[in-house]
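Structure, as structure tokens:
Nothing here was measured: the structure is a model prediction, and the numbers come from that model. Order of listing sets the numbers, starting from 1, for every ligand and every atom in it.
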Amino acid sequence: MKRIDELKELLRKYDTQYYEEGVSEISDAQYDRLYEEYVALEKEYPEYALIADSPTRRVGAGNQAGTTTGLPKITHKSPLLSIDKKAKEISELQDFYEKCGGNGTEVIIQPKLDGITCNINYENGILVNAATRGNGYIGDLITDNFKNTDTIYPDSLESFDLEVRGEAIIPFDYFKKHLMENYSNPRNAVAGIMRQIEPKDVKGKGVQVMFYDMGQTNVDISDKDSDNVKILKAFGFQIVPFVVASSWEELKACVESQLNGYIQQVEGFNVLMDASKEFPQAVCDGLVIKVNSKKLRDEIGMSEKGPKWAFAYKFKPLQEETRILRVVWQVGKSGRITPVAEFEEISLGGTKINRATLNNFDYMKQMDLQYNDTILVERSNDVIPRVVEVKAHNLLAEEDIQAKDSFRLPQVCPVCGSPIKELYPLHYCENPFCSAQIKGKITHYASRDAMNIVGLGEGIVDTLFENQLLSDIPSIYSLLEKREELEALPKFGKKKVDNLLKSIEKTKNPELWQFIYSLSIPEIGKKASKDLAQRFLSMQHFLSATFEELIEMEDFGEVMAQNIMDYISNSNVLKMIQTLMEQGVKPKEVEVHSSELKGKTFVITGTLANSRKFYQEIIEKKGGKCAGSVSKKTTAVLIGADAGSKETKARELVAKGEPIVLLESEEAIQAYFGVEY
Ligand code: IVH
């Protein structure tokens with residue numbers, strides 16, 4: 001039971017990271033192992049399968065996930081399915097093929113592109129919108145972002161209606177040249193870029209969508225999926241390449257040759273390498289095998305979680321065993337202390353490596369990692385290698401005491417010697433003025449998704465720090481008066497300094513969320529920053545937030561709320577923000593779209609047709625507020641299926657004569673708020 005709960009919590013955490021933030025602390029292969037462990041336990045204890053929040057009951061990351069605040073939402077005309085059947089073993093693929101009919105059955109084989117899924121919608125030949133997959137039913141509307149990508153697609157389509165599905169990717173060669181410094185893989189990069197709120201931020205970033213499927217359409221389509229992909233190509237879409245096989249022998253040969261040699265291992269990534277350059281160098285995490293005939297697909301049908309006629313054959317991660325030598329404790333921008341394993345050099349996918357992340361101390365403990373262990377290191381479509389397993393403990397005749405000691409959690413910060421605090425499962429240096437932290441914080445403040453100061457990357461921050469030109473975040477703005485000192489530095493020409501200072505000047509009027517995100521508050525990423533900006537609307541209100549207000553926000557747990565409280569109650573922080581304001585940094589206030597519902601409080605409970613966030617946005621855009629519990633102050637309660645104590649409480653209060661409105665159907669909700677969806 002304990003492990004089931006643990007796994008549930010972990011899977012939820014990683015789902016949120018993956019689907020909402022476009023980042024992940026663990027590799028896909030590690031995720032799959034946790035998921036498989038959960039599925040096995042659930043099989044053994046089926047009573048848990050009934051629990052509504054079971055990870056196996058959720059499509060993608062569940063109904064609430066998959067969309068980002070700040071972008072409008074759209075309901076797809078037909079849902080975007082995902083593939084539930086997945087495996088790395090060829091025997092399981094053979095099983096699948098036999099179940100679909102075996103020899104004689106045609107299947108279409110395509111690379112499984114590792115990007116983000118998009119749906120582009122044409123009506124009467126005109127491109128009307130583009131959206132992300134979201135939860136499969138509702139996605140983020142990203143029409144202008146899509147139009148700013150480098151995708152090959154037709155501007156118009158005669159008089160056709162067509163939903164066309166594809167994967168937005170960044171080619172590996174482009175990623176390596178331009179984005180590797182900021183992202184650990186192209187998927188994270190494309191997820192971040194495609195969800196930019198400003199469409200211009202998508203331009204020139206190498207993103208392109210490759211298409212593989214049609215949704216709802218009035219195009220005269222064929223029974224064969226492969227023909228329909230050809231139709232897409234004839235229309236002028238960049239398609240995903242495919243191979244058709246009609247026997248197990250052919251299918252096996254195609255899979256074993258990595259799509260007839262199309263997919264190659266390049267520096268730890270599985271890359272679509274097409275000599276004729278017809279296709280971009282998309283990174284793939286496996287192959288998709290689908291029954292080719294639509295008629296046969298209908299006969300085979302669907303299970304609760306997805307089509308039974310599609311299979312994802314996932315590539316095995318690159319793995320190598322080695323011997324761990326010591327642990328190095330790195331201090332990051334938030335003071336977070338991360339253990340990194342140093343080991344005897346190995347070669348993974350052609351690159352030599354001798355270091356890999358160990359995530360956190362708890363992760364080391366759970367693996368029972370000890371000095372001189374034989375470990376398994378893995379790399380799968382990611383720049384960062386990870387230690388994933390301890391293979392054996394080995395005794396050593398003569399021990400290096402210092403190396404052995406490095407396996408223990410340090411008692412003090414390895415950079416500045418200050419005390420360490422634990423925020424389970426992470427450890428932080430307590431000293432906000434630790435040089436590792438300050439440098440990291442300045443670099444983060446200047447980074448692309450934060451204030452975007454071009455020319456203030458890690459190396460330059462180091463140099464300026466060592467030359468006493470930078471000492472904290474406000475000192476970035478003092479650089480505006482230090483042109484001469486800057487120009488005197490080696491490798492700093494007039495032009496370079498000009499550009500840097502211009503870029504600094506441009507950051508003085510940031511969006512509120514951008515500013516909050518730039519501050520490196522522990523565990524407050526982009527999504528949380530956007531939620532905070534929407535909730536508090538101005539810096540002044542954010543700085544006077546209370547713990548209760550924070551914890552009431554959806555997706556804000558106690559740790560996050562406490563981190564924010566610690567941050568905004570720190571007098572040094574307040575001084576720093578005051579200094580920044582004096583230097584002319586003025587975050588914009590968030591515009592509330594109307595004040596129609598000003599002063600009114602709403603409670604959302606039970607399972608409604610859309611996510612909580614969906615309703616919350618409608619309410620907040622009209623100036624209303626959402627609360628976590630029902631009281632006399634509640635204006636109205638949105639009641640979905642299986643609502644519990646909140647519904648009961650609301651009904652009790654209504655019975656006592658309180659003027660609380662009960663909105664018990666979608667129609668009632670739409671009528672009350674004057675919206676249609
Ligand atoms: S077919 C029911 N084909 O992988 C089948 N999906 O779970 C619908 N993906 O997020 C999907 N490349 O966007 C298909 N060649 C390909 C694909 C592909 C990548 C993604 C898809 C979805 C996931 C499938």
Side-chain angles (χ1 to χ4, degrees), residues 15 18-19 22 28 31-32 35 56 58-62 65-67 76 78-87 96 100 107-120 130-137 139-140 163-171 185-187 190-191 194 208-216 225-226 228-230 232-233 237-245 254-255 258-259 262-263 270-272 274 279-294 296-298 300-315 381:
D15 278 344
Y18 186 92
Y19 286 100
D28 284 3
Y31 180 91
D32 288 347
Y35 189 82
T56 65
R58 289 184 271 144
V59 180
T67 50
H76 307 305
S78 59
L80 276 82
L81 303 175
S82 68
I83 305 175
D84 174 46
K85 290 172 172 296
K86 43 185 165 234
F96 160 80
C100 290
V107 286
I108 174 169
I109 309 153
Q110 286 175 329
K112 185 172 184 306
L113 307 181
D114 196 7
I116 65 159
T117 312
C118 295
N119 185 56
I120 320 298
T132 63
R133 176 176 183 278
N135 62 14
Y137 303 93
D140 288 326
E163 267 190 314
V164 55
R165 274 87 199 255
E167 196 86 352
I169 57 114
I170 291 176
N185 61 55
R187 200 201 81 84
V190 75
M194 278 305 263
Q208 45 184 309
V209 181
M210 294 176 74
F211 297 93
Y212 56 77
D213 205 4
M214 296 186 196
Q216 210 179 73
D225 195 37
S226 51
N228 297 328
V229 178
K230 282 187 203 155
L232 290 179
K233 187 176 170 180
F237 291 100
Q238 169 70 276
I239 57 152
V240 176
F242 65 85
V243 171
V244 174
C254 175
V255 168
Q258 304 249 88
L259 202 67
Y262 251 127
I263 298 170
N270 297 296
V271 185
L272 185 66
D274 161 39
F279 302 106
Q281 289 191 1
V283 170
C284 325
D285 55 357
L287 296 173
V288 173
I289 295 105
K290 294 173 270 191
V291 167
N292 204 16
S293 157
K294 301 258 179 195
L296 186 51
R297 287 185 185 182
D298 288 343
I300 296 170
M302 306 270 296
S303 77
E304 198 186 333
K305 285 210 75 187
K308 290 197 270 184
W309 42 261
F311 191 90
Y313 181 76
K314 302 270 277 219
F315 295 136
N381 282 350

If the threshold is 4.0 Å, N to carboxylate O, is there a salt bridge linking Asp225 and Arg297? yes

Let me know which of Arg165, Arg133, Glu167, Met194 forms a side chain to side chain contact (heavy atoms under 4.5 Å, CB included) with Cys118. Met194

Anything with a heavy atom under 4.0 Å from ligand 1 counts, so go ahead and list those protein residues by chain and number. Leu81, Ser82, Ile83, Gln110, Pro111, Lys112, Leu113, Thr117, Glu167, Tyr212, Val288, Lys290, Pro307, Trp309

I'd like to check the side chain to side chain contact (heavy atoms under 4.5 Å, CB included) partners of Asp298; sequence neighbours left out, ordered by chain and number.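 Scan of Asp298 (side chain to side chain contact (heavy atoms under 4.5 Å, CB included), adjacent residues dropped) gives none.
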
Only counting residues at least two apart or in another chain, list the ones meeting ring-ring contact (aromatic ring centres under 6.0 Å, His included) with Phe211.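 Scan of Phe211 (ring-ring contact (aromatic ring centres under 6.0 Å, His included), adjacent residues dropped) gives Phe237.
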
Using ring-ring contact (aromatic ring centres under 6.0 Å, His included) as the criterion, list what pairs up with Phe311, not counting sequence neighbours.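 Result, ring-ring contact (aromatic ring centres under 6.0 Å, His included) vs Phe311: Phe96.
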
Take Lys112 and Phe315 through the side-chain contact (heavy atoms from CB on, under 4.5 Å) test and state the conclusion after the steps. CA-CA 10 Å; Lys112 185 172 184 306; Phe315 295 136; over 6 Å; no

